[in-house]
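Written out below as structure tokens is the structure these notes cover.
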Amino acid sequence: METKFHRDTWAEVNLDNIYENISSMKKRLKTGVSLFAVVKANAYGHGDYEVANTALEAGADFLSVAFLDEALALRKKGILAPILVLGASRPESAALAAGQGISLTVFDLDWLEKAKVMLEPGQVLQVHVKVDSGMGRIGIRDKDQLMKVESLLKQETCFNFQGIFTHFATADEIKTDLYEKQLAVFKGMLSILTGRPEYIHAANSAASLRFADPEWNAIRMGISMYGLSPSMEMLPILPFPLKQAISLKTKVVAIKQLVKGDSVSYGATYTAEGNEWIGTLPIGYADGWIRKLQGQEVLVNGIRVPIVGRICMDQCMIKLPGPIPVGTEVTLIGNDGNESITVDEIAAKMGTINYEVTCMIGARVPRTYIKDHRLNHVRNFILE
Ligand SMILES: Cc1ncc(COP(=O)(O)O)c(C=O)c1O
């Protein structure tokens with residue numbers, strides 16, 4: 001998968017860092033605990049195929065995505081590893097998933113009954129039962145329904161009860177009340193099962209980084225795989241250093257000198273106070289570099305300089321200390337010299353979480369992949 005790109009904006013994804021983050025997590029896990037690598041949403045913006053392969057190389061046992069199409073996309077690219085669709089799929093898709101060896105989530109009895117009639121003779125659908133222990137999203141909430149689901153799964157040879165799981169709402173918060181309550185609810189649900197499926201999983205990154213429980217034998221690693229902390233609260237208590245995998249770079253495509261009173265961009269929200277050098281960058285809100293980032297600093301030759309004026313759909317402007325050559329590299333996220341701009345800094349400026357920042361880096365931004373400390377290949381999603 002090698003594609004070229006023709007605009008000087010790209011996200012650099014360091015696969016060595018992803019490998020290291022998974023290795024560090026694996027060292028923390030007790031023997032026999034499996035690792036599900038969460039590669040939904042194009043691997044949180046990092047690129048599904050590359051992250052999936054890296055995760056598998058680092059010893060991940062399973063991949064997980066949110067939607068069936070994401071799993072099918074991985075299969076299409078030749079990924080043969082087991083994949084779990086964590087979200088709700090249509091029962092009508094049961095045969096398609098079974099045919100591709102993709103595990104689906106059962107989140108109520110009705111879904112299971114509908115999926116049963118969709119399967120073709122001889123097909124076996126791998127399923128993981130989702131328990132809603134307090135997240136309030138999808139999943140079975142009452143024991144009676146869980147009992148019925150289990151007995152249907154046992155009775156029907158077209159299903160294999162491969163796993164049971166839940167999801168925590170507050171594992172990334174220092175306060176553990178709801179986490180403990182959810183864990184107790186999940187354990188209560190497990191206690192009514194007559195048999196145990198192969199995989200019992202509850203922990204996301206936050207819970208995996210903080211807790212271990214003998215009841216679960218698999219974890220689902222998302223944000224920490226990408227080297228990002230599940231929350232700011234957790235930054236000081238991370239059990240091992242996380243290595244941010246993504247950088248966002250661009251180049252100055254134009255430079256001009258403004259004189260006092262000249263303005264920059266839509267709405268003329270920025271006015272030069274004197275002679276000022278302004279550089280134009282080919283990245284804008286359509287790439288996920290949203291208007292809220294007006295005023296955010298970027299790195300030019302290791303120095304922080306501000307974005308001035310409104311961010312346009314495809315371009316934005318920076319104020320430079322002096323003239324620099326067109327083509328000078330600019331770091332929006334990442335390191336340059338002794339300076340660094342983290343995903344967390346951008347999230348704070350946007351008033352959001354680091355997850356949203358990487359997911360928002362659009363398909364129009366090509367990804368370059370670093371493996372074994374050097375450029376391995378390039379992907380340009382819009383030319384694929
Ligand atoms: C069901 C489920 N499991 C696991 C994860 C991974 O969580 P994290 O990225 O916090 O590790 C997510 C992420 O949203 C999820 O929805």
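Just follow the structure's listing: the first ligand is 1, and inside any ligand the first atom is 1.
- Taking Ile, Leu, Val, Met, Phe, Trp and Tyr as members and joining any whose side-chain heavy atoms lie under 4.5 Å apart, directly or through other members, the hydrophobic cluster of I278 also contains L258, V264, Y270, V308, M317.
- Salt-bridge formation is not detected for the pair K187/E215: no Lys NZ or Arg NE/NH1/NH2 atom is positioned less than 4.0 Å from an Asp or Glu carboxylate oxygen.
- Looking at K76, K77, K40 one by one, the single match for salt bridge (Lys or Arg N to Asp or Glu O under 4.0 Å) with D48 turns out to be K77.
- Side-chain atoms of Q294 and T269 form a donor-acceptor pair, as typed in the model, at a separation below 3.5 Å.
- Using a cutoff of 4.0 Å between basic side-chain nitrogens and carboxylate oxygens, K181 and D177 are not scored as salt-bridged.
- Note: F62 and H128 have perpendicular aromatic rings, judged against thresholds of 30 and 60 degrees for the angle between ring planes.
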Please produce the table of protein N or O atoms sitting under 3.5 Å from N or O atoms belonging to ligand 1, one pair a line, distance to 0.1 Å.
| from | atom 1 | to | atom 2 | distance (Å) |
| --- | --- | --- | --- | --- |
| ligand 1 | 3 (N) | R220 | NE | 2.7 |
| ligand 1 | 3 (N) | R220 | NH2 | 3.3 |
| ligand 1 | 9 (O) | Y44 | OH | 2.6 |
| ligand 1 | 9 (O) | I223 | N | 2.8 |
| ligand 1 | 10 (O) | Y355 | OH | 2.6 |
| ligand 1 | 11 (O) | S205 | N | 2.9 |
| ligand 1 | 11 (O) | S205 | OG | 2.5 |
| ligand 1 | 11 (O) | G222 | N | 2.9 |
| ligand 1 | 11 (O) | I223 | N | 3.3 |
| ligand 1 | 14 (O) | K40 | NZ | 2.7 |
| ligand 1 | 16 (O) | K40 | NZ | 3.3 |
| ligand 1 | 16 (O) | R137 | NH2 | 3.1 |

